[in-house]
Amino acid sequence: MSSNASRVSNDGNEPTPFYEALAKALKKRKAKLESICPSSEPVSKRILEEYGAIFVADKKVIPPPVCVFTNEEQVTKFQDDAGWEVETIGFDEVELQPAAMKQLRKAREEAQKEGLDITPRDGSEAARRNYEDSVRLWNSRFEPALDYWLAQGRLTQQQVDRLRGLPLSQQVAEVLELEKTGIYFSKDLSKSILYSIAAPGASQHIAMLAFDVDQFENPRIREIMAKHGWFQTVLSDLPHFTFLGLKEKDLPKHGLRSLEINGQVFWIPNVPGVHPGLDK
Ligand SMILES: [Zn+2]
């Protein structure tokens with residue numbers, strides 16, 4: 001079996017800058033960066049640079065019209081327009097864009113031939129989610145973190161009440177600001193909430209291009225997923241795979257660079273300085 005080292009080899013070529021590859025990809029789709037992700041919104045920009053791999057995906061993939069959806073109606077319209085397929089795996093029904101589902105099925109077949117399997121982690125929530133799901137999941141990190149930092153004396157009751165009362169977009173912005181001072185909101189409170197759960201309205205699961213794999217720890221499973229266009233693109237979110245529909249060797253041309261952490265290969269937007277703590 002090939003190793004991770006050969007998986008990340010890029011023939012010594014530097015990956016294309018993400019924004020250059022993105023401009024090209026959006027032009028083909030007749031889309032404008034400014035309408036997808038307005039430069040006036042710092043949160044949008046951060047999200048694009050964290051989760052933006054789906055915007056440079058293969059043409060069979062339909063990326064969302066915005067980096068951050070702001071309501072359920074907008075999500076429903078996108079999901080209806082893009083369409084999805086349903087597959088029952090075990091007791092769970094999972095839903096994905098057709099191109100993504102096709103390759104997931106192929107990956108499962110390949111795994112099963114080897115006596116392995118690829119199954120959803122945490123039931124049907126492993127694939128398509130709606131806007132409401134993304135808000136609920138955000139709160140599942142946001143609320144306990146507020147309680148913790150209040151108990152630690154790092155936030156006052158007044159600050160906590162104010163944060164709870166903010167409109168979501170402002171809440172996200174302020175959480176990301178607090179994280180710069182070490183007040184983290186991930187599940188284990190040691191890193192950014194964005195590596196634990198997507199900002200509300202920004203999940204690749206809403207785009208129906210993400211699948212959380214129960215067997216993510218098996219390197220052969222990760223290899224099979226990659227062979228079928230499924231890659232890990234969200235740092236630290238270990239079970240989370242993203243459908244890009246591209247060949248792994250072509251990812252650098254599409255503005256993504258690889259980062260290997262504990263033997264797992266992540267493909268992230270090639271934007272210098274976004275992950276200062278992780279770059280050696
Ligand atoms: Zn996920």
Side-chain angles (χ1 to χ4, degrees), residues 1-13 15 50-51 53-54 56-58 60-61 85-128 187 195-196 198 203-205 207-254 256-270 275 278 280:
M1 282 311 116
S2 64
S3 68
N4 279 325
S6 70
R7 270 191 54 196
V8 295
S9 89
N10 178 29
D11 306 328
N13 295 325
E50 294 286 354
Y51 311 144
I54 52 175
V56 293
D58 182 72
K60 292 188 291 289
V61 165
E85 287 182 13
V86 188
E87 177 92 357
T88 305
I89 305 179
F91 297 105
D92 303 308
E93 276 195 347
V94 294
E95 298 158 329
L96 292 168
Q97 284 194 23
M101 187 63 93
K102 186 175 168 193
Q103 293 304 319
L104 178 65
R105 284 193 191 110
K106 285 189 179 175
R108 290 196 72 215
E109 278 165 27
E110 187 166 345
Q112 285 166 355
K113 271 186 205 148
E114 298 178 19
L116 303 168
D117 203 357
I118 297 169
T119 59
R121 191 175 176 85
D122 296 332
S124 60
E125 211 157 63
R128 183 176 79 92
K187 198 170 191 172
Y195 302 142
S196 188
S203 172
Q204 294 178 347
H205 290 280
M208 306 182 292
L209 295 169
F211 185 68
D212 297 336
V213 173
D214 210 20
Q215 297 80 2
F216 70 94
E217 285 177 336
N218 183 334
R220 178 58 185 150
I221 292 295
R222 299 198 297 267
E223 202 170 52
I224 293 172
M225 289 295 279
K227 206 174 135 185
H228 293 90
W230 284 91
F231 304 96
Q232 286 168 288
T233 71
V234 180
L235 286 178
S236 302
D237 189 348
L238 304 180
H240 181 100
F241 286 72
T242 312
F243 184 69
L244 301 178
L246 298 166
K247 289 200 168 70
E248 190 160 34
K249 68 170 176 54
D250 294 334
L251 296 180
K253 273 195 306 214
H254 291 268
L256 303 179
R257 66 188 177 107
S258 63
L259 204 60
E260 193 176 329
I261 303 170
N262 300 329
Q264 301 207 40
V265 180
F266 294 87
W267 287 97
I268 58 172
N270 181 27
H275 305 288
L278 293 161
K280 298 256 158 56

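Only a predicted model underlies this, so the values are computations on that prediction, with no experimental measurement involved. Heavy-atom basis, side chains included; hydrogens, waters and symmetry copies ignored.
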Within-4.5 Å side-chain heavy-atom neighbours: L116 and R220: yes
Hey, could you give me the CG/OH distance between L235 and Y51, rounded to the nearest 0.5 Å? 10.5 Å
Nearest heavy-atom contact between Q232 and L238 is NE2-O, 3.0 Å
Side chains of F231 and E248: closer than 4.5 Å at any heavy-atom pair? yes
Among residues two or more places apart or on two chains, list those pairs meeting salt bridge (Lys or Arg N to Asp or Glu O under 4.0 Å) that have a residue in residues 231-243. none
Salt bridge flag under 4.0 Å for residues E93 and R128: no
How close do A127 and L96 get, heavy atom to heavy atom, and via which atoms? CB-CD2, 3.8 Å
Residue pairs passing the salt bridge (Lys or Arg N to Asp or Glu O under 4.0 Å) test with at least one member in residues 118-127, sequence neighbours excluded, are R121-D214, E125-R136
Over 12 foreign heavy atoms within 6.0 Å of CD, Q112: yes
Hey, is D250 close enough to K247 for a salt bridge, meaning N to O under 4.0 Å? no
Output the distance between atom OG1 (T119) and atom CD (Q215), rounded to the nearest 0.5 Å. 3.5 Å
I'd like to know whether Y195 forms a side chain to side chain contact (heavy atoms under 4.5 Å, CB included) with E50, so could you lay out the CA-CA distance, the side-chain angles of the two residues, the decisive distance to 0.1 Å, and finally the verdict. CA-CA 9 Å; Y195 302 142; E50 294 286 354; 3.2 Å; yes
Which heavy atom of G123 sits nearest a heavy atom of V94, and at what distance? O-CG1, 4.4 Å
Is there a side-chain contact between I221 and V213 in this structure, where contact means two heavy atoms from C-beta onward sitting under 4.5 Å apart? yes
Check: S196 side chain, K187 main-chain N or O, donor-acceptor pair, under 3.5 Å: yes
When every non-hydrogen atom of P120 is compared with those of A126, the smallest separation belongs to CB-CB, 3.5 Å
Out of curiosity, F266 CZ to L259 CG, how far, rounded to the nearest 0.5 Å? 8.5 Å
With heavy-atom distances below 4.5 Å as the criterion, would you say the side chains of L104 and H228 are in contact? no
Measure the spacing between CZ of R108 and CG of D117 and express it to the nearest 0.5 Å. 4.5 Å
Carboxylate-amine/guanidinium contact R105 E85, below 4.0 Å: yes
Only counting residues at least two apart or in another chain, list the ones meeting ring pair (Phe, Tyr, Trp, His ring centres under 6.0 Å) with F243. W230
Value for NZ (K102) from CD (Q97), rounded to nearest 0.5 Å, stands at 14.0 Å
For Q204 and T233, the nearest pair of non-hydrogen atoms, with its separation, is NE2-OG1, 3.3 Å
Run the side chain to side chain contact (heavy atoms under 4.5 Å, CB included) test on V86 and M101 for me, step by step, so that the C-alpha distance in whole Å, both residues' side-chain angles and the decisive distance to 0.1 Å come before the verdict. CA-CA 8 Å; V86 188; M101 187 63 93; 5.7 Å; no
If I compare all heavy atoms of G263 with all of R222, which pair ends up nearest, and what's the gap? O-NH2, 3.3 Å
Could you pull out all residues at least two apart from E109 that satisfy salt bridge (charged side-chain N to carboxylate O under 4.0 Å, His left out)? none
When you measure from the side chain of R257 to the backbone of P252, do you find a donor-acceptor pair of N or O atoms at a distance under 3.5 Å? no
Using the side chain to side chain contact (heavy atoms under 4.5 Å, CB included) rule, take I118 and I89 through it: C-alpha gap first, then chi angles, then the decisive distance, then the call. CA-CA 9 Å; I118 297 169; I89 305 179; over 6 Å; no
By ring pair (Phe, Tyr, Trp, His ring centres under 6.0 Å) - contacts of H205 (at least two apart): H240
With sequence neighbours left out, write down each residue that passes salt bridge (charged side-chain N to carboxylate O under 4.0 Å, His left out) with D92, or none if nothing qualifies. none
Interatomic distance, L244 atom CG to L209 atom CG [nearest 0.5 angstrom]: 8.5 Å
Side chains of E110 and K227 in contact at under 4.5 Å (non-hydrogen atoms): yes
